[in-house]
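Notes follow once the structure below has been shown.
Residue numbers begin at 1 in each chain, while the letters A, B, ... track the order of the sequences.
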Number of protein chains: 2
Amino acid sequence: MNSKRKILLQAKVLFAQQGFDGVSIRSLAKAVNLSPAALYHHFPDKKTLYLETVQCAFAEQEHVFSKVWCSEGTARQKLIEFIECFTELMFADPAFHRLMQRELLIADNERMQLLAEDVFKEQFVELMNIIRQLAPRLDAHLAAVSVLGLVCQQLEMQPLLKCLPDWRLQHEQPQSLAKHINDILLNGI
Amino acid sequence: MNSKRKILLQAKVLFAQQGFDGVSIRSLAKAVNLSPAALYHHFPDKKTLYLETVQCAFAEQEHVFSKVWCSEGTARQKLIEFIECFTELMFADPAFHRLMQRELLIADNERMQLLAEDVFKEQFVELMNIIRQLAPRLDAHLAAVSVLGLVCQQLEMQPLLKCLPDWRLQHEQPQSLAKHINDILLNGI
DNA sequence: GTCTATATGGCGATAGAC
DNA sequence: GTCTATCGCCATATAGAC
């Protein structure tokens, strides 16, 4: 395989796990069986390597939901489908989700604008449109974030939840989780 | 003020902002007007300093919600009150929330168990009890996390949300947010 | 309890051979 | 395109004076 691609894929995993400062060029080089110097042939410096890693990881996710938005169902069916699809995606690629969390903690303004424009905007607008159809009384922006929050928080808190009462293995299965979220969203508490 | 306490309070802010690897003993020392060596009088090493910082930050939050659980209202009123209280708390102390996010990313098993037992368990059980009264059909554990997720995700995604369509300043006001979350939780979409 | 000075090591990055 | 060797810097941590 292309060395540059191999580096980017490994970097995604390591940066997601340990963050920018936690990953050294040396450790990344060892993980892909190259010398540290070899990495500098493909990237001018560590920061650029990191940014390309993030860009590469997010580019993979750009058009995942097109099939949901184009489906023939009602708005309600589309929302249910989106939640199932989004939950599956987040659980299938934890490195992506962790990278996202770290980017949000860094919150670099320029990068946030790029992420918003290139990766999230289109999907977010579609989600808001569905919500507007289903619940015109709600602020669509707030409600869209609520939908995402219901999915993401279950993932983020997983390590803690295992240590709290009434936790079940089932809680980490995306289908079971999607079902719960759909229930709570459509019927309330 | 006590030097050790001054160090811990400043460390909370810096570690929350930049993470364990992002904060050097030197930079922390400069921020509290001490030499790096002075910090080693109060803490044996950097890792211990970090752990004490986290422990100190979380200890402050232990009994914040007791007034909610002891109030005289119905289960529904208590839930509304909890959401308002929790939202206010998270927005009032962003350093605490960021530290929590970073701890979840590290996900050290021993520390998760301590956090669960000492800080979150009691509140989490109370929240589950309220939910069981309101909606026996739901898995109380999943539903409790959903409530927390609705609040936390709005905070975590803030830097990105500003760059997405239909964002309003109002979305960052805790009261306005709590109102939305209560609406969506009690009535659904 | 705080300082100055310093030991020791890992870091990002570069030079130059192959 | 990859290597070995290395530079210069900043990190954690310690020694010992005050």
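In this structure, the CD1 atom of A/Ile25 is 13 Å from the C1' atom of C/dT14, given to the nearest Å. Atom NZ of B/Lys6 is separated from atom C1' of C/dG1 by 12 Å (rounded to the nearest Å). Spacing between atom CG of A/Asp45 and atom P of C/dG12 amounts to 11 Å, rounded to whole angstrom units. Taking atom CG on A/Leu39 and atom P on C/dC11, their separation rounds to 14 Å, with Å as the unit. We find that CE of A/Met1 is positioned 16 Å from P of D/dG1, with the value rounded to whole Å. In this entry the distance linking CG of A/Asp21 with P of C/dG10 reads 18 Å, nearest Å. To the nearest angstrom, C1' of D/dT4 lies 16 Å from CG of A/Asn33. Rounded to an integer number of Å, the gap from CZ of B/Phe43 to C1' of D/dT12 is 15 Å.
Within 4.0 Å of B/Ser24, counting heavy atoms only, lie sugar-phosphate atoms of the nucleic acid but no base atom. Across all strands shown, B/Val23 has heavy atoms under 4.0 Å from sugar-phosphate atoms exclusively, and none from any base.
Residues A/Glu122 and A/Trp69 have side chains that never bring a donor and an acceptor to within less than 3.5 angstrom of each other. Residues A/His41 and A/Ser3 bring no donor and acceptor atom of their side chains to less than 3.5 Å of each other.
Comparing D/dA13, C/dA13, D/dT2 by their nearest atom to the side chain of B/Lys46 picks out D/dA13. Nearest to the side-chain atoms of B/Ala37 among the listed nucleotides D/dT12, C/dT14, C/dC3 stands C/dC3. Picking from D/dT2, D/dA13, C/dC3 the nucleotide with the shortest atom distance to the side chain of A/His42 gives D/dT2. For A/Leu34, the side-chain atoms get nearest to D/dC3 when compared with the rest of D/dT12, C/dA13, D/dC3.
Using a 30° and 60° split on the angle between ring planes, A/Trp167 and A/His171 fall in the perpendicular class, above 60°.
Between B/His41 and C/dT2 there is no side-chain polar atom (N or O) within less than 4.0 angstrom of OP1 or OP2. Phosphate proximity of D/dT2 to A/Ser3: present, with a side-chain N or O under 4.0 Å from OP1 or OP2.
Interface remark: the A/Arg26 side chain does not form any donor-acceptor pair with the C/dG10 base, using a distance-only criterion of under 3.5 Å.
Taking the ring axis of B/Phe96 as reference, the NZ or CZ atom of B/Lys12 does not stay both within 45° of it and closer than 6.0 Å to the ring centre.
Test A/Leu14, A/Leu49, A/Val13 against A/Val23 for side chain to side chain contact (heavy atoms under 4.5 Å, CB included) and you get one pass: A/Leu14.
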